[in-house]
**Student:** 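Handing you a structure now.
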Amino acid sequence: MKRFGLSSKERIKSKNEFELLYSSGEIAFSSSKKFKAVFFIQRNSDKNEIKAAFAVSRKSGNAVWRNRVKRLFRESFRLNKGALYESVEFKNASLLIAFSPNSVNQTNRKKIFLKEVLPEIVELINQIKAKI
RNA sequence: GAUUCUUGUUGGGCAGUUGCUAUCCAGGGAGCUUCUCCUUGAAUAGAGGAAAGUCCGAACUCCGCAGAACGAAGUGCCGGGUAAUUCCCGGGGUUCCCAAUUUACGGGGACACGGAAAGUGCCGCAGAAAAAAUACCGCCCUGAGCUAGUCGAGGGGUAAGGGUGAAAAGGCAGGGUAAGAGCCUACCGCGCCAGUGGUAACACUGUCGGUCCCGCUCUAAACGGGAUCCCGCUACGGCGGGACAUGGCAAACCCCACUUGGUGCAAGGUCAAGCAGAAGGUUUUCCGCAGGGUUUUCCCUCGGACAAAGUUGUUCGCUUUGAAUGCCUUCGGGUAGACCGCUGGAUCACAACAGUAAUGUUGUGGCGAGAUAAAUAAUUGCCGCCCGGUUUUUAACCGGGAACAAAAUUCGGCUUAUAGACAAGAAUCUUCU
RNA sequence: GCCCCCGUAGCUCAGAAGGAUAGAGCAGCAGUUUCCUAAACUGUUGGUCGGAGGUUCGAUUCCUCUCGGGGGUA
C-alpha cells in the first residue's frame with residue numbers, strides 16, 4: 001500500500017457503512033469549530049482497515065465550492081493518515097471516519113486554501129487517535 | 001481620441017513534486033487456466049461558454065397498437081432554413097425614438113402580429129349616457145300662466161359647443177337650417193371587388209358601398225339578377241343616383257386553421273445475491289340439425305351471445321380470458337452489487353462552391369472526459385495581466401488580486417450569470433487637417 | 001438525473017374566472033377593569049401580495065422570465 005496514496009478501497013462507498021457510522025458513531029470538533037468529524041471504532045477486528053468519507057451539505061455552497069472543500073479534506077487526510085494506521089494495527093481495530101465542514105460555508109469563506117484546512121484536520125486525526 | 005451600446009472571438013502560459021479516474025502495455029501472484037481477479041510500474045488522455053435554469057424541440061427506450069368521434073393541451077402576419085421547434089434568417093404591417101421639420105426621404109429599436117360583421121361576457125369611480133344613446137348644462141321652436149319680464153310650467157327638435165372619462169359613436173372645410181346633424185358636396189379615412197407588381201404577407205391604381213329576396217357547388221353590405229324605398233332631373237316615355245350600419249378587451253370564454261398516444265437512462269436489458277408471505281374481492285356461463293373423439297346427460301376445436309380484465313381523459317371499437325400455479329386491490333418481506341445502455345456523432349477544423357442570409361453541398365484532415373457517496377486535484381517556482389506602496393518617476397523591489405460557474409444518456413436552440421483581453425459596427429462629445 | 005407543487009402583516013392562513021380602503025385569528029401597542037398581574041372587553045399599528053418585464057384604461061389575480069422553499073420518483 002502506498003504511503004501517501006488514497007485508493008478507492010480506503011473510501012466509504014456503501015449505504016450500509018454510512019448508516020452504521022451516522023447511527024452509532026461519535027462526533028469530534030476542531031478547536032475553532034470550523035470542521036467536524038464523525039467516526040466509528042470497531043474493536044477486535046482482523047481487517048485493520050481505515051475508511052474515510054468527505055461529506056459537504058448542499059446548503060453550504062454551490063458545486064464548485066463543495067468540490068473544492070472535499071478535495072482539500074481528501075488531500076489533508078491523505079498526507080496524515082500514517083499515524084492512524086500505526087494505532088489501528090497496534091490495537092487490532094477498524095475505523096470509519098466522515099469529515100464535514102461545521103461553521104464554514106461559501107458566504108463567510110468564499111476562497112478556502114489548504115493551509116487553513118490542513119492543521120485542523122491534523123488536530124481532528126489526533127483526537128481520534130487518542131480514543132482508539 | 002474618450003464614453004456608452006450591440007455583435008462576435010477568447011475565458012492565462014511553462015516546468016517540477018505528490019495523488020485520483022479511464023484506456024492500453026509490461027512484471028508478479030491467485031483461481032474453476034484459450035479466461036477472470038488482485039497487485040506494482042510505465043505511457044497517453046482527463047469540465048464549460050454557459051457544463052446552470054430545465055423553458056422548448058428531437059434522437060433513443062419501453063408500454064402499447066395509435067382505428068373513429070368528442071374532449072383536453074399547444075401554436076398563430078408571410079416566405080425560407082432545419083431531424084424538429086415557442087428557434088434562426090429574410091420580407092411585410094403596426095408603433096416608438098433620432099435627425100430634419102410642412103410632409104416626404106433616411107437611420108435605429110420594439111411587437112404572443114389569425115378572427116370583435118358567429119355568439120356569450122366584462123368595461124369600477126366619474127359622467128346625462130359605456131354600446132339598440134329615455135339629452136345634465138347649453139342651443140332652437142312652441143308656449144299654460146301671471147307679478148307682463150333679459151319671466152317661463154309643460155311639449156317638441158338638436159350629438160355643433162361645455163364638462164366627465166382610458167374610451168363618447170369617422171375627421172376637416174364649405175353649403176344648409178329655427179337651431180343643428182353625412183342632412184348635402186369636395187378632400188381624407190373605412191371596407192368589398194377588380195387590375196398591376198410580388199411565391200406570399202402586402203403595396204399602388206380604379207370602381208363600388210340605401211333596404212329586402214334569389215343566385216353563383218361554400219361564403220356576400222359591396223359580384224350577377226329581381227323587387228322596393230328615398231332623392232334629383234324630365235321633352236312625362238323615362239333617365240341618373242344612394243354615408244359607410246356595429247368602441248375596447250380574445251395573455252376573458254370562444255370561433256377558425258394547424259399540431260399532439262403515453263413514458264422518460266432512477267427509460268430499458270443481462271447476471272449475481274437475498275427473502276415470507278398474508279388479507280380481501282371477483283368469476284364455477286349460455287346457445288349451435290358446425291366439425292372431431294367416442295366411454296354419447298362427457299371432452300376438445302370453431303362460431304355467436306354474455307361477463308370480467310386491459311386499452312393511462314370519455315364513449316364506441318379492438319385484444320385477451322372464462323376455472324387455472326388465474327386476475328385485481330391492500331398490507332408486509334428482501335436487495336440496492338456488477339455489466340450493457342455509455343459515448344464516432346443531425347461530429348469537429350479548414351477550404352471551395354450555391355444562397356441577400358439562416359443554411360446547404362463537396363473535398364481534405366482529426367478523434368477530443370465517461371465518473372456513480374460520483375475522477376479531472378494539491379502545492380512550489382518562473383513569465384504575462386491588474387491594483388496599492390517605496391525608491392535612483394522610462395524601471396526595480398515588496399504586498400495583494402484575477403469573474404460566473406463544474407459533465408451525469410446524447411444532441412439542436414432559448415433564457416439567465418459573467419473579471420479581464422481582442423476585433424468589427426453604431427451613437428454622442430472633444431481635438432486636428 | 002427526471003417530474004410536480006408553493007411564495008400575501010412578526011407567525012398561521014383566507015381572498016378571486018382583473019375594478020383598488022387586500023381580510024381573519026394569534027402576536028404587538030394604547031386604554032377600561034384591579035391594590036398589582038393574568039384573563040376579559042374596547043380601540044389601534046403593521047403589507048410596494050418573493051423579484052423583473054409584458055397584456056390591459058387598470059394586475060395580488062392573466063402571460064413570460066427569474067429568485068427562494070418543499071414534495072414525489074428504482
Side-chain angles (χ1 to χ4, degrees):
Chain A
M1 190 173 290
K2 287 194 233 177
R3 183 141 187 269
F4 294 112
L6 189 66
S7 71
S8 61
K9 292 204 160 187
E10 298 175 71
R11 305 281 299 276
I12 303 176
K13 289 193 180 272
S14 78
K15 195 176 176 181
N16 288 340
E17 286 173 325
F18 272 99
E19 282 174 358
L20 177 68
L21 174 61
Y22 279 108
S23 59
S24 50
E26 300 175 59
I27 306 179
F29 290 95
S30 68
S31 56
S32 65
K33 301 280 183 193
K34 281 182 183 171
F35 307 105
K36 65 181 179 184
V38 181
F39 61 96
F40 176 74
I41 303 163
Q42 187 172 15
R43 301 185 188 282
N44 302 322
S45 160
D46 4 322
K47 289 184 188 169
N48 292 345
E49 62 182 9
I50 299 174
K51 285 191 171 186
F54 311 96
V56 183
S57 162
R58 198 170 178 184
K59 291 179 182 173
S60 56
N62 64 21
V64 174
W65 192 89
R66 297 199 306 268
N67 271 341
R68 181 169 175 88
V69 170
K70 282 194 275 186
R71 283 163 181 161
L72 291 175
F73 282 166
R74 199 174 63 203
E75 186 74 5
S76 306
F77 179 76
R78 181 175 72 79
L79 296 171
N80 295 286
K81 65 177 182 173
L84 279 176
Y85 269 100
E86 292 173 13
S87 302
V88 162
E89 285 172 22
F90 184 70
K91 297 268 187 180
N92 234 11
S94 284
L95 188 61
L96 298 174
I97 317 175
F99 294 95
S100 293
N102 189 34
S103 65
V104 176
N105 56 39
Q106 193 178 13
T107 51
N108 62 25
R109 188 59 55 89
K110 194 173 181 189
K111 283 275 170 187
I112 191 161
F113 296 100
L114 185 67
K115 57 188 173 188
E116 302 174 66
V117 176
L118 186 62
E120 309 218 16
I121 297 297
V122 171
E123 186 194 334
L124 283 171
I125 289 173
N126 288 334
Q127 286 183 28
I128 294 166
K129 185 184 171 189
K131 292 199 178 183
I132 291 174

**Student:** Given B:rA405, B:rU379, B:rU376, identify the nucleotide with an atom nearest to the side chain of A:Phe113.
**Tutor:**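 The closest nucleotide is B:rU379.
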
**Student:** In whole angstrom, give the distance that lies between atom CG of A:Asn80 and atom C1' of B:rA378.
**Tutor:**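 That distance rounds to 13 Å.
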
**Student:** Suppose you measure atom C1' in B:rA159 against the same atom in B:rG127; what distance do you get, rounded to whole Å?
**Tutor:**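 Each nucleotide's C1' atom is 16 Å from the other's.
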
**Student:** Given B:rA374, is OP1 or OP2 found less than 4.0 Å from the side-chain N or O atoms of A:Arg11?
**Tutor:**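 Yes, within the criterion.
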
**Student:** If the glycosidic angle is within 90 degrees of 0 it's syn, otherwise anti, so just tell me which one B:rG368 is.
**Tutor:**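 Syn.
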
**Student:** Is B:rG165 in the syn range, within 90° of 0, or in the anti range?
**Tutor:**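 In terms of base orientation relative to the sugar, B:rG165 is anti.
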
**Student:** Please give, in whole Å, the distance from B:rU21 C1' to A:Lys70 NZ?
**Tutor:**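 Result: 15 Å.
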
**Student:** Applying a 3.5 Å limit to both distances, which nucleotide forms a Watson-Crick or G-U wobble pair with B:rA426?
**Tutor:**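 For B:rA426, the partner nucleotide comes out as B:rU4, under the 3.5 Å rule.
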
**Student:** Please give the distance between the P atoms of B:rU94 and B:rA104 as a whole number of Å.
**Tutor:**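 Looking at atom P only, B:rU94 and B:rA104 are 13 Å apart.
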
**Student:** Roughly how far apart, to the nearest Å, are B:rU364 and B:rU263 at atom C1'?
**Tutor:**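 One C1' to the other, the span is 44 Å.
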
**Student:** Side chain of A:Leu114, heavy atoms from C-beta onward: which of B:rA406, B:rU376, B:rU379 has the nearest atom to it?
**Tutor:**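 Nearest nucleotide to the side chain: B:rU379.
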
**Student:** Which dot-bracket notation, 5' to 3', represents the base pairing of RNA chain C when pairs are defined as Watson-Crick or G-U with both distances under 3.5 Å, crossing pairs as [ ], and inter-strand pairs as |?
**Tutor:** (((((((..((((.....[...)))).(((((.......))))).....(((((..]....)))))))))))).

**Student:** Do A:Phe39 and A:Gln127 have side chains that get closer than 4.5 Å, going by heavy atoms?
**Tutor:**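 No, every pair of side-chain atoms sits at 4.5 Å or beyond.
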
**Student:** State plainly whether one hydrophobic cluster holds both A:Val69 and A:Leu114, where clusters connect Ile, Leu, Val, Met, Phe, Trp and Tyr through side-chain heavy atoms under 4.5 angstrom apart.
**Tutor:**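 Both belong to a single hydrophobic cluster.
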
**Student:** Could you check C:rA39 for me: syn (within 90° of 0) or anti?
**Tutor:**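 Anti.
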
**Student:** Nearest to the side chain of A:Ala63 - B:rU376, B:rA378, B:rA406?
**Tutor:**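 Given the options B:rU376, B:rA378, B:rA406, the side chain of A:Ala63 is closest to B:rA406.
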
**Student:** Enter the distance from A:Ser87:OG to A:Lys129:NZ here, rounded to the nearest 0.5 Å.
**Tutor:**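 Separation between the atoms: 4.5 Å.
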
**Student:** Would you say A:Phe29 and A:Leu21 are hydrophobically clustered, going by side-chain heavy atoms of ILVMFWY under 4.5 Å?
**Tutor:**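 Yes, it is one cluster - the side chains of A:Phe29 and A:Leu21 are joined through contacts under 4.5 Å.
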
**Student:** Which base, if any, makes a Watson-Crick or G-U wobble pair with B:rU359, both distances under 3.5 Å?
**Tutor:**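 Checking every strand shown, B:rU359 finds its partner in B:rA354, with both distances under 3.5 Å.
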
**Student:** Taking B:rG206 as the reference, what is the distance to B:rG247 when you measure between their C1' atoms (whole Å, please)?
**Tutor:**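 Nearest-Å result for B:rG247 against B:rG206 at atom C1': 31 Å.
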
**Student:** How far does the C1' atom of C:rG19 sit from the matching atom of C:rC65, given to the nearest Å?
**Tutor:**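 Rounded to whole Å, the distance is 27 Å.
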
**Student:** With rounding to whole Å, what would you report as the distance between B:rC230 and B:rG210 at their C1' atoms?
**Tutor:**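 Nearest-Å result for B:rC230 against B:rG210 at atom C1': 8 Å.
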
**Student:** Look at all strands and tell whether A:Asn67 reaches a base, only sugar-phosphate, or nothing, counting heavy atoms closer than 4.0 Å.
**Tutor:**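 Here A:Asn67 touches the bases of the nucleic acid.
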
**Student:** Just name whichever nucleotide pairs with B:rC223, Watson-Crick or G-U, keeping both distances under 3.5 Å, else none.
**Tutor:**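 Checking every strand shown, B:rC223 finds its partner in B:rG215, with both distances under 3.5 Å.
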
**Student:** Give me syn or anti for B:rG237, where syn covers glycosidic angles within 90 degrees of 0.
**Tutor:**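 What B:rG237 shows is a syn base, its glycosidic angle lying within 90° of 0.
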
**Student:** Take A:Ile121 and A:Leu72, measure what side chain to side chain contact (heavy atoms under 4.5 Å, CB included) needs, and give me the verdict at the end.
**Tutor:** CA-CA 10 Å; A:Ile121 297 297; A:Leu72 291 175; over 6 Å; no

**Student:** Distance between the P atoms of B:rU409 and C:rC2, in whole angstroms?
**Tutor:**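 To the nearest whole Å, 7 Å.
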
**Student:** Would you say a side-chain N or O of A:Arg66 is under 4.0 Å from OP1 or OP2 of B:rA405?
**Tutor:**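 Answer is no, no contact under 4.0 Å.
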
**Student:** Closest to the A:Arg78 side chain: B:rA47, B:rU18, B:rA405?
**Tutor:**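 Among the listed nucleotides, the one closest to the side chain of A:Arg78 is B:rU18.
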
**Student:** A:Leu96, A:Phe35: one ILVMFWY side-chain cluster at the under-4.5 Å cut-off?
**Tutor:**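 The answer is no; the residues belong to distinct hydrophobic clusters.
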
**Student:** Donor-acceptor pair, distance only, cut-off 3.5 Å: does the side chain of A:Ser100 make one with the backbone of A:Ala55?
**Tutor:**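 Present.
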
**Student:** So, is A:Arg68 near the phosphate of B:rA378, with a side-chain N or O under 4.0 Å from OP1 or OP2?
**Tutor:**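 The answer is yes; a side-chain N or O of A:Arg68 sits under 4.0 Å from OP1 or OP2.
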
**Student:** Do you reckon A:Ile12 sits in the same ILVMFWY cluster as A:Phe99, going by side-chain contacts under 4.5 Å, direct or chained?
**Tutor:**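 Hydrophobic grouping puts A:Ile12 apart from A:Phe99.
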
**Student:** Mind telling me if C:rG54 is syn or anti? Syn here is a glycosidic angle within 90° of 0.
**Tutor:**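 With its glycosidic angle more than 90° from zero, C:rG54 counts as anti.
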
**Student:** Under a single-linkage definition using a 4.5 Å side-chain heavy-atom cutoff for Ile, Leu, Val, Met, Phe, Trp and Tyr, are A:Leu124 and A:Ile41 assigned to the same hydrophobic cluster?
**Tutor:**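 Yes, A:Leu124 and A:Ile41 fall within the same hydrophobic cluster.
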
**Student:** Which whole number of Å gives the distance between the P atom of C:rC57 and that of C:rG15?
**Tutor:**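 That atom pair is separated by 30 Å.
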
**Student:** If you check every side-chain atom of A:Phe18, which of B:rU376, B:rA373, B:rU18 has the closest atom?
**Tutor:**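 Nucleotide nearest to A:Phe18's side chain: B:rA373.
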
